[in-house]
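A short write-up of the structure that comes next.
In the text below, chain A, chain B and the rest are named by the order of the sequence lines, each starting its count at 1. Side-chain atoms are counted along with the backbone in the values below, which use heavy atoms only and exclude waters and symmetry mates. Here the structure is a predicted model, which means the values were calculated and not measured.
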Amino acid sequence: MSVRVFASSQSWIESDAVDQCHRVAALDGMRHVAGMPDLHPGKGAPIGAAMLSSVLYPFLVGSDIGCGIAVFPIKLKRPNLERLAARFPDLDRALTPDDELWPDEIPADHPESLGTVGRGNHFVELARVDEVMQEGRVGKGDLVLIVHSGSRGLGESILRAHTEVHGAGPAADPAAYLEAHDQAVRWGSLNRRLMAERVAHALGAATAEPIVDECHNFVEVRDGLYLHRKGAARGIGNDVLVAGTRGTPSYLVAGHAGAEANFSVAHGAGRKMSRSDALRRNKAKHTVTELRRTAVGSLVVCGDRQLLFEEAPTAYKRIEQVIGDLVAHELATPVAVTIPLVTYKTRDR
DNA sequence: ATGTCC
């Protein structure tokens, strides 16, 4: 069926990703595929796409069901970057039941890895609001915690249970898949809150409710159809944090996407290079020192050198271009710009 | 993406 990619001629969109959109569009029951300006190739399914179908395909959401980005206001007296980076808690170590932050109820009875950030493009970032275009959410100079993480092993186990029997085929029992899926979505959201609390505690600050918490890997049942989002967020009257990179700004935007965009907006800058390309090219281009102290003066806590190269800002598209495309196609309008101060990736070496 | 494929 129909495919529409919301990008301009100057935008970097790999043909492989567009090909994937057309392959998805040819699936049984597919009504419409909307590619966001951060579209890039994924494993089988494109990343940065919203796919509307009468048939539910778990592989279109992928393994990290419930992955999303939340923004929490935080107040700190006088932020000293080195001191703050050193005080970030170990978010590779899971919470335990004797921890004071341990929740009373855990969705899906999945206590493993609760409170951990994971790897890949996940991060917890202390950032400063640098510019405000629309009043009412955050003020210039405010500090926020941006948490990008998902359901860790839980979503992976849900997809694997399906894939082992049905591969890339449709969900045999959509209601059963959706029940497990919804638990992973709740687990992911709880996990982001717990991480914000862990960091706020460690930095001696109070915790606040998130001003934004939007998933970008999930299924929404809409008018009896399944709207699969993979690296795409809801954009219908809600705000979304569109993540830049570890070393460039991020944008809080107000989404107002229509049916052509499957009611969705981009979730980030989007990869420009595969992980293997980024590792090879950035090893030649950068030192770990300059990747740990970025061009905007922020610090990156990342003990894993390989991950540092894979996640270098040059591995991603320009966030300004992605936001420009959202605005040009009237999918969203900018609310505020944040600049990273300290980004936590992993303590592990 | 993932208690990580060898």
Side-chain angles (χ1 to χ4, degrees), chain A residues 16-17 20 24 36 38-49 51 57-70 90-97 106 108-124 147-164 167-168 177 180-181 183-192 195 214-219 228-233 243 245-246 266-279 302-311 315-316 343-349:
Chain A
D16 283 359
Q20 284 185 334
V24 167
M36 298 295 118
D38 58 342
L39 184 74
H40 58 284
K43 258 189 94 146
I47 302 169
M51 299 154 280
Y57 294 99
F59 89 99
L60 293 182
V61 171
S63 60
D64 198 2
I65 303 163
C67 189
I69 300 180
D90 183 353
L91 298 175
D92 304 300
R93 185 185 60 77
L95 290 169
T96 56
I106 302 167
D109 186 28
H110 181 80
E112 300 96 82
S113 60
L114 203 57
T116 64
V117 64
R119 291 291 181 110
N121 59 0
H122 292 172
F123 63 86
V124 177
V147 182
H148 177 191
S149 187
S151 59
R152 311 288 282 106
L154 176 57
E156 199 273 337
S157 70
I158 294 167
L159 179 66
R160 182 157 31 81
H162 169 83
T163 309
E164 276 172 355
Y177 170 82
H181 160 283
Q183 288 184 333
V185 167
R186 286 196 295 274
W187 197 102
S189 182
L190 170 65
N191 197 37
R192 291 188 285 278
M195 277 187 276
E214 290 294 334
C215 271
H216 47 241
N217 294 347
F218 70 113
V219 185
H228 311 74
R229 289 188 177 91
K230 171 69 171 173
T245 72
R246 279 12 78 216
H267 78 313
R271 292 198 77 84
K272 187 170 69 181
M273 287 176 213
S274 68
R275 290 191 173 275
S276 52
D277 281 353
L279 179 61
C302 184
D304 181 336
R305 297 164 59 94
Q306 179 171 325
L307 187 61
L308 211 45
F309 290 120
E310 289 175 0
E311 288 288 309
Y316 285 86
T343 307
Y344 181 101
K345 293 290 291 178
T346 177
R347 283 278 179 223
D348 293 355
R349 54 140 241 94

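Spacing between atom CD1 of I47(A) and atom P of dA1(B) amounts to 7 Å, rounded to whole angstrom units. Per the geometry, CD1 belonging to I158(A) stands 14 Å off P belonging to dT2(B), to the nearest Å. Counting to the nearest Å, the P atom of dA1(B) and the CG atom of D64(A) are 8 Å from each other. Protein atom CG of L60(A) is 17 Å distant from nucleotide atom P of dA1(B), rounded to whole Å. Look at CD on E112(A): it is 13 Å from P on dT4(B), rounded to the nearest Å. Rounding to whole angstrom units, CD of residue E310(A) and P of dT2(B) are separated by 13 Å. Taking atom NE2 of residue H122(A) and atom P of nucleotide dG3(B), one finds them 10 Å apart after rounding to whole Å. Following rounding to the nearest Å, F59(A) (CZ) and dA1(B) (C1') show an atom-to-atom distance of 16 Å.
Backbone-only contact: G118(A) has heavy atoms under 4.0 Å from sugar-phosphate atoms and none from a base. Within the nucleic acid shown, G120(A) comes within 4.0 Å of sugar-phosphate atoms alone, with no base atom in reach, counting heavy atoms only.
Within the 3.5 Å criterion, the main-chain N or O of I65(A) finds no donor-acceptor partner in the side chain of H181(A). Distance alone, capped at 3.5 Å, is enough to place a donor-acceptor pair between the W187(A) side chain and the H110(A) backbone. In this structure a side-chain-to-backbone donor-acceptor pair under 3.5 Å is missing from H267(A) to A233(A).
Proximity of R119(A) to the phosphate of dG3(B): no side-chain N or O atom is located under 4.0 Å from OP1 or OP2. The phosphate of dT2(B) (OP1 or OP2) has no side-chain N or O of R160(A) nearer than 4.0 angstrom.
Taking the salt bridge (Lys or Arg N to Asp or Glu O under 4.0 Å) definition, one finds that K230(A) meets it with nothing, sequence neighbours left out.
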